[in-house]
Q: 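Once you've had a glance at the structure underneath, I'll fire off some questions.
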Amino acid sequence: MKISAIAFLTTAVGLATAQNGTEPFAADFSPIVEKGSYTSLLGAINETGSDAVISSNAPVTIFGPWDEAFDNITDVLETLTTEDIQGVLLNHVIVGVNLTTEMIAAEGCIEATTAGGLEISIFRDPFTGLIDVDGFHVVVDPDITGDYGVMHGIDRVILAEEHKFFPCPPPLDLSPIAQLGNYSTLLAAFEQTNNEFTIATNIGFFNTTIFGPSDAVLAAIQSTLDELNNDELNEVLWGHLAYGEIFSDEFRALECAEAETFAGTFVAVRFNRNTGIASVNGIPISSTNLDIDGEGYVFHGIEGVLVDSEYVPCSADPLDFSSVELAGNYSTLLSLVAQTGLVDELKEIRPVTILAPTDAAFARYQSNLTGLSDEEIAEILRIHVIAFDTIDAQWILDSECMEFFTEGGSMVSFRYDNVTEQITVNGIPLVQADILGNFGVLHGIDGNFAFDGQYEPCFEDPYSVVGYLTSYYDQQVTEAAVAAFASSATFFGPTDEAFYSLDEYPFYSDDAAEREVELLLGHIVPGIHTAAQVKEAGCVILDTLAGTKVRVMWVEGDMGGRRLAGHEMTGMVMVNDAMVILADQLDEESDVMFHGIDKVILSGSFSECPSTMSPVTAPTDAPAPRGTPPTESSAAFVNHVSIIFASMVALLAL
């Protein structure tokens, strides 16, 4: 839904439409006064004459910042004229309409133009019920109604200079399902509960798999469905909507695939190769109405409902290497997997991509293997396994070059040479591709990473490790940024060399994911902070998204002939004990500033600013000219980070 600007906005009480036809109407703001948290807002409305504007154009919808929000921008307000402040206030007002929470909930998302001419979107999170304006201004005090219309208290002031308009998701097209002719009851339930909007919200971020009970299935439980209110019906429907698109080629190849539903439950989709039947949590999937591919979703018809169905994780299924045995030439590998007990580990991290040395390749290095313990052999096997991913040959052909971490902690790069039509992994020829099973996929290679082959990155990016981590943990980074109200951010990114030089590499332990996220968030701070601003401030203490602190300090001295991104400055910027070696790489679209540093920021490395300096808050206005443009490698990394903060928009809409 979109509400256009009201062309007849009046600005004088004398021009107001009289409520009773004879007397000018003056709005009564006492319902807002009684709340006690909007003194600054009401004072500004009165002092700027905006009360007359509101009265003249009632009913209006006001998104009113509470007092704390105004307190947070006191320095900005002090620079504004009365006319400027009125302009700020009018960007919180939509004239001619009462947008109650009930109306917003019914639509899901509404686009509107404010009295100040600003385009905004008002969004209701279908899962939490929270309402926000353009993702960053959360409604904390809804539906304060009066003769002026309705006001919703929000936690931040909308400033045009910082404003970003995020359009509502386009309407969901469920016509591919409707054309099947056997799912009208399901589609009617979607419409009744506004789940068309819920699914549309996920498009571009998670996408969705819909497991749809047929009309006949739902007819059998219609009396039960009739007794449910919308919230209860939602829970039923959300249990049939899974994050991510699961197509039949995936569960046919892997025999089992898992997903979490919108309701927080889990489903396992299995394929029985003997019977050719697919099922989800034991309920048969239609053999004809599956893989219905819509915009942002895939639909599979099912012959039951998933409420109270039994979820059995894929890890409960024994690994089946019969396809590998049938292919031949990998008996040594299979024997060593069994000998070292690696089978149980593979079950927990599947689907996996196994880069399997052939029997001949193992034979060439038999003398190197003789005398090794089972754990030492297992370590060799782990550097041939990529967890939680199925990298098929077509993906490699399409990408030409791609990189992954292995379970053993090393890196591998796949390359395709379109002249020789040869795929190599770390320079070792891939000799047999796409042996599929419920473990994932296996590719035969004519070598062993422990003894030959060499990793070469697909492109020279000195920040590939932190770029990989940022992409891998995009949701966690985004959630932390949202929690900190970080519409912009500064990222201090360690080089690959800095990561590899750590005494204790943090990524291969039982709590690796938790440690990686905490370490990553400890390098990101809200707001834009440039080298020039740090030099001017001398020393600043900044809060990271991990809840830790970093000291960012200007130090006069020689940098070995290097300059900060072309700045004519002779000193250096230090972040705790790390030195900035690449400064001021700004992605203007996502408002992310990147500084490359030569060390990883670890807990315990923080210390206060020197006593001769006073910690101050660095300004966050536009950065100084950046001098030389980013290198190709730094630009590639900044793109990694840009994706993450662009995805913040999508997460805020969930």
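Quick note: residue numbers are just sequence positions, from 1.
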Q: Measuring from I104:CD1 to T101:OG1, what's the distance to the nearest 0.5 Å?
A: 6.5 Å

Q: What about Y455 and F404, are their ring centers closer than 6.0 Å?
A: no

Q: Can a donor-acceptor pair be found, under 3.5 Å and without considering hydrogens, that links the side chain of E260 to the backbone of Y243?
A: no

Q: Do NZ/NE/NH1/NH2 and the carboxylate oxygens of R124 and D132 come within less than 4.0 Å?
A: no

Q: Between D317 and K347, does any NZ, NE, NH1 or NH2 come within less than 4.0 Å of an OD or OE carboxylate oxygen?
A: no

Q: Can we call the ring centroids of H523 and F491 under 6.0 Å apart?
A: no

Q: Can you confirm if the aromatic rings of F127 and W238 lie within a centre distance of less than 6.0 Å?
A: yes

Q: Would E400 and R415 pass as an ion pair if we require N to O under 4.0 Å?
A: no

Q: May I ask you to check whether Y183 and N289 show a side-chain donor-acceptor distance below 3.5 Å?
A: yes

Q: Taking atom types as modelled and ignoring hydrogens, do the side chains of N281 and S309 form a donor-acceptor contact shorter than 3.5 angstrom?
A: yes

Q: Would F251 and C256 count as a side-chain contact (heavy atoms from CB on, under 4.5 Å) if you check the C-alpha gap in whole Å, the side-chain angles of each, and the deciding distance to 0.1 Å?
A: CA-CA 5 Å; F251 57 73; C256 189; over 6 Å; no

Q: With no hydrogens and no angle check, do the side chains of D143 and T100 hold a donor and an acceptor under 3.5 Å apart?
A: no

Q: So that I can tick it off, tell me whether R382 and E379 are bridged by a salt bridge, with the cut-off set at under 4.0 angstrom between side-chain N and carboxylate O.
A: yes

Q: How long is the gap from CG on L306 to CG on L241, to the nearest 0.5 Å?
A: 10.0 Å

Q: Does either side chain, that of E325 or that of Y330, offer a donor lying less than 3.5 Å from an acceptor on the other one?
A: no

Q: Just by distance, do the side chain of S286 and the backbone of L290 share a donor-acceptor pair under 3.5 Å?
A: no

Q: Do the side chain of H152 and the main chain of I131 share a donor and acceptor less than 3.5 angstrom apart?
A: no

Q: Is there a donor-acceptor contact under 3.5 Å linking the side chains of N329 and Q432?
A: no

Q: Hey, are D215 and S184 close enough side-chain-wise for a donor-acceptor pair under 3.5 Å?
A: yes

